[in-house]
Structure formats: C-alpha cells, structure tokens
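Naming: A, B, ... by sequence-line order, numbering from 1 per chain. Computed from a prediction, not measured in an experiment: that's the story for all the values here.
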Protein chains: 2
Amino acid sequence: MSVEFLWGGRARPTRGPKPALTLEGIADAGIAVADAEGLAAVSMQRVAADRGYTKMSLYRYVPGKAELIAVMVERAIGEPPALSASGWRAALEEWSRLLLGRYLAHPWTIEATVGRRPLGPYEMGWMEVALAAVAELPLSGAERLDTIAVLAGHARMLAQQAAARLGEAEMSTAIAAVLREHGERFPQLTAALAGAATEGGDQAFEYGLARLLDGVEALVRNRS
Amino acid sequence: MSVEFLWGGRARPTRGPKPALTLEGIADAGIAVADAEGLAAVSMQRVAADRGYTKMSLYRYVPGKAELIAVMVERAIGEPPALSASGWRAALEEWSRLLLGRYLAHPWTIEATVGRRPLGPYEMGWMEVALAAVAELPLSGAERLDTIAVLAGHARMLAQQAAARLGEAEMSTAIAAVLREHGERFPQLTAALAGAATEGGDQAFEYGLARLLDGVEALVRNRS
DNA sequence: AAATAACTGATTCCTACGGACACAGTTTGG
DNA sequence: CCAAACTGTGTCCGTAGGAATCAGTTATTT
C-alpha cells in the first residue's frame, strides 16, 4: 500500500491508446459490488467483469487490490462536510451523525479500515473538520485528537452493529435462543435484554454520543 | 458459522480410533500463528502443518475456517475476569483495562470480530461481568447495554491503534511525510499533532475512558 | 474371539483468488 | 513515417478453502 498512490496526482500520459477505463470508474464498480454483496465479493475478476473487461486490465490503473480498496474507501467516505452547527458540542454532534451516515451507507468501509494503513485526503479532511470544531476548547493537542478519535470509534461501532442488523431488538432475538438454554448463567444479560426489549427504541448511538460529550463538557467546565 | 458449535458440548464418540488432535490444540496452533504473523497467515494448511498433519485432517474437528477462527477468538479472549474493584466506576475501569489487555495480547481478535457473528460463552461472560458492575445504577436495560458496548468499543479501537503501532507519536511520524507536503490543507491537524508530539504520553485510552465514565456519572447524578 | 459399525487421517480433485509476464494492437511525438 | 510508449489480453503459477473418497483403526456387539 503506497501512500503516493492515494495522494499523488496521476498524470495522464500523452502517448499510447486512450485508456478505456478510469480509476474512478473502477472504484465505483467495486463500491457497487461491496454495497450489494459485501467486501468479500470484491475481487479483481468480479470488478473487471462488471465493467466488461478482463481482470488484468485493472492492473493498468491500480497497483493491486489493496490500493483499489483504499480508493474505494476514500470515495465511499467522501468529501468532508461543512458543518453548519454553531458551538463545539452541536458541531461534534453533527459531525458524528454525518460520519455515522457515511458508514451506514457503505458498511464495508469499516472492515476495510481495520489495521495499519495510510489515510487518504478525504479521511484527513474529516479529521480536520472535527478538530476545527474543538479548537476553541481548552484542550491539549493530544486531548483534541483523542476526543474526535473516540467519537469516530463510537460511530464505527454503531454502524457495524447496524450493518449486522444488530439493534437492541434484533440482538435480543439473535441471542434469545442461546439465552433460553443458558440464561441462568447470564442473569444480568437476560435482565438487561428483557428490559431493552420492552423499552423499545434503538438509541445506542445517541446515548453514547451524549455520554461522551457530557464527559468532555465536564472536563472543560473543570478547567475554567 | 453455527451457534451450536460454539455452545454445544462436543460429545466424544466412543467408537473408532483415538483422535490424534484436539479442537483446543488446533485452535491454540492457530492462535500462535495469528499472534506471530497476523490473522491473514492463518490458513488450514498452515495450522495443520504446524501440528504435523494434513490440511483435511482439521475438518474432522472443525466444520470450516470460520468456526476455527471463532474458537480461536473465544480462547484468546479467555474467561471473563472476577473484578476486584468496588464501586461501579472502579469496576468498569478495571473491566475496560482488562479487556484492553486481552485485545493487546491478541490484536488479530479485533479484525476477526467485525461484522455479524455468534457470540461465544466467554464473550457473553465478559458482558455479564460488566453488566453486574452497572446493575446498581439507575439506568434502563438498554442504557446498561449501551454503556458497556461503548466501553468495549473504546477498548477495541485503542487496541487496534496500538497493534498498528499508531500511538500519538508514531501516528505523527507516519503522517508527517504527508503533512509536510499537504500540511497547509490541514492546519488544525498539524497543530494538534505538533502539540501531541511535544506533550508526550499516549493517554488516549485513559482519556476516553475518563470522559465516558464522567458522562455516565453526570447522567446518574442528574437522575438522583 | 470374531464381526461389524463408527471413526480416524490421508489422498486426490475442484474452483477461485491475486498477481507476474509476455504478447499483439494502438496512438502520438519526433 | 516510424519508433517509443502505452493499451488490453491470454497464459501461467502458487495458494487458498473445501468436497469426495479411501484404507486403516478401534470399541462394541454377537
């Protein structure tokens, strides 16, 4: 995975036949496959076939599969948003919800972005936007980074659960069978799930978001 | 991925030759490979070869690779701990740190547990322990579940960063090259990273943990 | 003790994957 | 006009997960 591929401008050479494909088109075809059938269904063959070309044609545009996935992720996450909310708390809420929306629209981006990898321009742009929202707060650089990292992690986790159709209600039904047989080993879990089922409403994202921002607010208040 | 495989007791049949392998031994071999070379290096061939057997022998003990990974995850996460701390906040802190420790010991468990999958007994046990710690709080069942889910997600995220050797310091050096060229596009990011580098200390986990628990504390205080 | 049912690990085969490489056709600059 | 540079394609390789089958081993049954 080369950083240059994500960041460097790819100058179109002047000689030779016109390219029949574009990197963007290939990436979009890959995104379509991943959206419809998951990241595992994305293979060079499959993407090439969807565009009506052979597998090896793609290697004229992309060094390898890892780079293709990286470009797909960048395009799926998309350009960083311009936040309209005023005040750091409202801005962070807006940012988190927008990020969650992007993840929900392309759930495979989460498994595609585990582990060490180079960040693309769009991803860095998202960080920049969030950092601007907390710039006014009396926090250190590390604390500002940590704050938005925790928020992003929270959005990722919830998107992942939603993608697996594991809201509270679905989770209880999925685990219900197991719990029916081994429920006595997990009394707290049984009780909590029973309560969650009757209460209804899947507010996990908003709950975590509120707790996190409450925590930040408490820290800020403590310092001033 | 069958739930029965993780939960059902595998009754040893009485007839036939003694099995030369055990599921636990196979899983441990897989864990050793994953610890040393990452989850991608875990193949049926590789695991079998490490035990001195052929690939297909493993299918006598495990239905497929997905189930092998699931068993590996269960054993790597390990038995849920008995918390020694008293008070919900200290207990949750202890639980989170222990969970982080397990993730750090076997970083591949994180990529192995993305997406929909059945939970094993140990994983449920960890949830049970954390839920017991928040049982005393005036929270609904859904709120209790959300609380520990956010904490677990935070531990996962930090373990993932640590596994990629992406502490604040390493992160700045990794992104430094990109930022040297495109730094003007990301002034907030540049400033935050510069600050984090001089401040030193990689307190991301403790920072997020403290913010989250502060948030929970604020909610609890509001209710009483 | 002998027979048999049940289980063992090994062998062979298949499909699909990512990727290296050489090839023939096409476009453009000198 | 022709050679350099670039295009897409076909062939080949190693490795992956897994199905089907086979011969050998063992405990229960008769």
key: Along DNA chain D, first and last positions that approach a heavy atom of chain A under 4.0 Å   = D:dA4 to D:dG10
inquiry  = Using a 3.5 Å distance criterion without hydrogens, assess whether the side chain of A:E79 forms a donor-acceptor pair with backbone atoms of A:Y122.
reply    = no
key: Strand-adjacent residues in residues 35-54 of chain B, judged by heavy atoms under 4.0 Å from DNA chain C   = B:Y53, B:T54
request  = Report yes if a donor N or O on one partner sits less than 3.5 Å from an acceptor N or O on the other, where the partners are the side chain of A:K55 and the base of C:dG19; otherwise report no.
outcome  = yes
ask   = How are the rings of A:F205 and A:H154 set relative to one another: parallel (under 30°), tilted (30 to 60°) or perpendicular (over 60°)?
value = parallel
key: Length of the CG-C1' vector between A:L58 and C:dC17, whole Å   = 14 Å
ask   = How far apart are the closest heavy atoms of B:V47 and B:G30, and which atoms are they?
value = CG2-CA, 3.9 Å
key: Separation between CD1 of A:I31 and CG of A:L39, rounded to the nearest 0.5 Å   =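 Interatomic distance, A:I31 CD1 to A:L39 CG, rounded to 0.5 Å: 11.0 Å.
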key: Criterion side-chain contact (heavy atoms from CB on, under 4.5 Å) on B:R211 and A:T147, from CA distance to verdict   = CA-CA 9 Å; B:R211 293 297 78 68; A:T147 301; 5.8 Å; no
task = Check step by step if side chain to side chain donor-acceptor pair (under 3.5 Å) holds for B:R156 and B:T113.
result = CA-CA 10 Å; B:R156 282 175 65 103; B:T113 50; 2.8 Å; yes
Pairs under 3.5 Å (N/O, protein and nucleotides 21-26 of chain C):
none

Validation row: B:D35, B:W108 side chains within 4.5 angstrom (heavy atoms) =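 They are in side-chain contact.
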message = So, does B:Y61 get its side chain near the phosphate of C:dT8, meaning an N or O under 4.0 Å from OP1 or OP2?
response =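 It does not, given that no N or O in the side chain of B:Y61 lies less than 4.0 Å from OP1 or OP2 of C:dT8.
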request  = Using the side-chain contact (heavy atoms from CB on, under 4.5 Å) rule, take A:Y103 and A:L158 through it: C-alpha gap first, then chi angles, then the decisive distance, then the call.
outcome  = CA-CA 9 Å; A:Y103 280 136; A:L158 265 295; over 6 Å; no
key: Steps toward side-chain contact (heavy atoms from CB on, under 4.5 Å) verdict (B:V134, A:Q188)   = CA-CA 10 Å; B:V134 293; A:Q188 304 287 347; over 6 Å; no
task = Verify side-chain contact (heavy atoms from CB on, under 4.5 Å) between B:F186 and A:M127, making sure each step is shown before the conclusion.
result = CA-CA 9 Å; B:F186 307 101; A:M127 290 182 65; over 6 Å; no
